[in-house]
2 protein chains.
Amino acid sequence: MRADTAAIRRFNRTVTRRLGVLNEKYLGRDRPLVESRMLFEIGSSGATVRELRERLGLDSGYASRLLRALERKGLAATSGSAGEDGRVKHVRLTRSGHAELRRIDALSDDLAQSMLEPLTREQAARLVAAMTEVERLLRASGIEMTPVDPYGPNAQWCLGRYFEELASRFPEGYDRGADVAAGLDEFRPPEGCLLLASLFGESVGCGALRVLTPRMGEIKRLWVSPQVRGLGVGRRLLETLEQAARERKLRCVRLDTHESLAEARQLYRTSGYREIARFNANPYAHHWFEKILE
Amino acid sequence: MRADTAAIRRFNRTVTRRLGVLNEKYLGRDRPLVESRMLFEIGSSGATVRELRERLGLDSGYASRLLRALERKGLAATSGSAGEDGRVKHVRLTRSGHAELRRIDALSDDLAQSMLEPLTREQAARLVAAMTEVERLLRASGIEMTPVDPYGPNAQWCLGRYFEELASRFPEGYDRGADVAAGLDEFRPPEGCLLLASLFGESVGCGALRVLTPRMGEIKRLWVSPQVRGLGVGRRLLETLEQAARERKLRCVRLDTHESLAEARQLYRTSGYREIARFNANPYAHHWFEKILE
DNA sequence: CGCATTTCCTGACTGTAGTCAGGTATTTCT
DNA sequence: AGAAATACCTGACTACAGTCAGGAAATGCG
């Protein structure tokens, strides 16, 4: 473990210095770096102020001021009420804003190329491969699990995606009404729990626990965004929910799943769950599992 | 190549965000980040102000002010003339400075661990391996080749290391006096050229070109610091020197090498040099090479 | 409807990072 | 010895990044 730590610290040091220098040199030419990032985040299709604030992690006042700066320079335009919610403002790039974005894009490409240029063909290939791996695993390790209120907007968004996915993957379709065995209230503390997995502020997965009997819990709504599949998020959600169950003094947790969700079944099997007989009336379930918590 | 660029940009984005957040959280707790880096660079054995300025890439005024700040906080002490050069000041950590450095060290370790902690054992191992590779290759790609004055301090330092290495590797030893066939003046533009390879401002290699006849050049003093061997620095130096020879309208370049420098001979062979008969009276040479420049 | 909340905005403020122009010792070059 | 260069310092300044308090408009809830 000691050697790992040293390797990571060396990585941290080298990469921070190298990327810092390059970012300044290429992207911070005659514009504050945040402004470049803001332009990038607005993107060619525009965005709401709220989205920008969240993605960039900015204070609302600061974000507003940055947008005003971009407006003054004629790069972006905020249109008032876009029909839906009159408070939410939409930002789009102007014509010259688009040009500027393309310029930033080209510079980013140059930056990337400048990293490869001094290397041999073989070294370049190895660097790209290693970077891809680091990026993937760093995303995995940056994902945080936090208990949230089931009625909050992020939770609602995740659950929405979850139901959408069921609808698209079940051959027979999915009707949310037929499965409201568990109401949202059941996922609220202190009895239940709804976990959100998020990466840089963006929700990328969820999972819920509710209490069936004083000794038994049920895990439901386990979903992982397609963007981050294969990174072990599902397993971490599951383990964290089991931990929540232990804290609630539950002796075992149960869950059910649909025939067509093979990877979920695989996850449960390799996580210490054993298949049991039907324990509920869920019309969409074909397999039932249970795990005894130590 | 397009795909490579995209991968690098994703890497850049993810890593900058992740390390930025972590660095702030762990190292910038109640102290400006530069101050932490300064403490780290002073280290347990102290350093001169000049070294600190170079390693951190700071303006001299700024560096001075940071040191004053550390002094005020009782973390560092600058001692005036240390015997040698009265202008150069030496900085050392005080007792509480050492304690603070240990604290920062521990935090850096925590930071490293926090990146591994959410991952499975296997993922962690892969992340460390990939990071090691990225760090290595990023160092390689960050190395810059610049022509310098042979009498400058960095050039002198590199040449010194070069001669030291010869002395330690030649079984018969090495006497600099016996080999001053090439005086430093011959490496000055516009005829000759001395290249320095540097990484983040630190010199890590050198190589020189001098003109033998109007059509023929000679490459000398090719040296690569042990820290960066295996990264292709020698080959890049060689190629850059050949380019310099081409710009001087030379038709071929020659060089000689000692029996005991096997890796150098290997480099020359794989770079298009062919072995020729003795062309000089260098008592330390056993092999002579030539390359025709197109 | 009235009140709380949300979304965005503005103004005032702080801290960090860094530059630039000069100034004083000390050393090196000639 | 005198001039030029070097190493460090000081003071004044700028840009960038970000926080905090509060306010106006729109929306949601009871």
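Keep in mind that this is a model prediction, so the values were computed, not measured. First the proteins, then the strands, lettered A, B, ... as listed; each starts at 1.
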Describe the nucleic acid contact of B:Arg68 in one word from base, sugar-phosphate, nothing, applying a heavy-atom distance below 4.0 Å. sugar-phosphate
Kindly write out the residues that satisfy side chain to side chain contact (heavy atoms under 4.5 Å, CB included) with A:Thr14, not counting sequence neighbours, or none if the list is empty. B:Glu135, B:Leu138, B:Arg139, B:Phe200
Could you check which of C:dA17, D:dC9, D:dA17 has an atom nearest any side-chain atom of B:Leu67? D:dC9
Output side-chain donor-acceptor pairs under 3.5 Å for residues 66-75 of chain B, partner residues at least two apart or in another chain, one line each.
residue, atom, partner, partner atom, Å
B:Arg68, NE, B:Glu71, OE1, 3.0
B:Arg68, NH1, B:Ser64, OG, 3.3
B:Glu71, OE2, B:Thr78, N, 3.3
B:Glu71, OE2, B:Thr78, OG1, 2.9
B:Lys73, NZ, B:Glu35, OE1, 2.8
B:Lys73, NZ, B:Glu35, OE2, 3.2

Would you give me the side-chain donor-acceptor pairs under 3.5 Å for residues 15-22 of chain A, sequence neighbours excluded?
residue, atom, partner, partner atom, Å
A:Thr16, OG1, A:Asn12, O, 2.4
A:Thr16, OG1, A:Asn12, OD1, 3.0
A:Arg17, NH2, B:Arg55, O, 3.2
A:Arg18, NH2, B:Ser141, O, 2.9
A:Arg18, NH2, B:Ser141, OG, 3.0

Roughly, in whole Å, what's the span from CG in B:Asp85 to P in C:dC29? 12 Å
I'd like to know if A:Arg65 reaches the base of C:dG11 with its side chain, counting only an N/O donor and acceptor under 3.5 Å. yes
For a quick check, tell me whether the side chain of A:Arg87 and the base of D:dG28 share a donor-acceptor pair closer than 3.5 Å. no
Would you mind reading off the distance between B:His90 atom NE2 and D:dA7 atom P, rounded to a whole angstrom? 16 Å
Check side chain to side chain contact (heavy atoms under 4.5 Å, CB included) between B:Arg188 and all other residues, then give those that pass, not counting sequence neighbours. B:Asp149, B:Pro150, B:Tyr151, B:Asp185
Nearest-Å distance for atom pair CE/C1', residues B:Met38 and D:dC8: 12 Å
DNA chain D-proximal residues of residues 45-62 of chain B, any heavy atom under 4.0 Å: B:Val49, B:Arg50, B:Arg53, B:Ser60, B:Gly61
Beyond-backbone contact of A:Asp105 with A:Arg103, side-chain heavy atoms, under 4.5 angstrom: no
To the nearest Å, how far apart are B:Lys89 NZ and C:dT24 P? 15 Å
Qualifying residues under side chain to side chain contact (heavy atoms under 4.5 Å, CB included), relative to B:Pro190, sequence neighbours excluded: none
Length of the OH-C1' vector between B:Tyr151 and D:dA5, whole Å: 18 Å
Could you check how far CG of A:Leu66 sits from P of C:dC9, rounded to whole Å? 11 Å
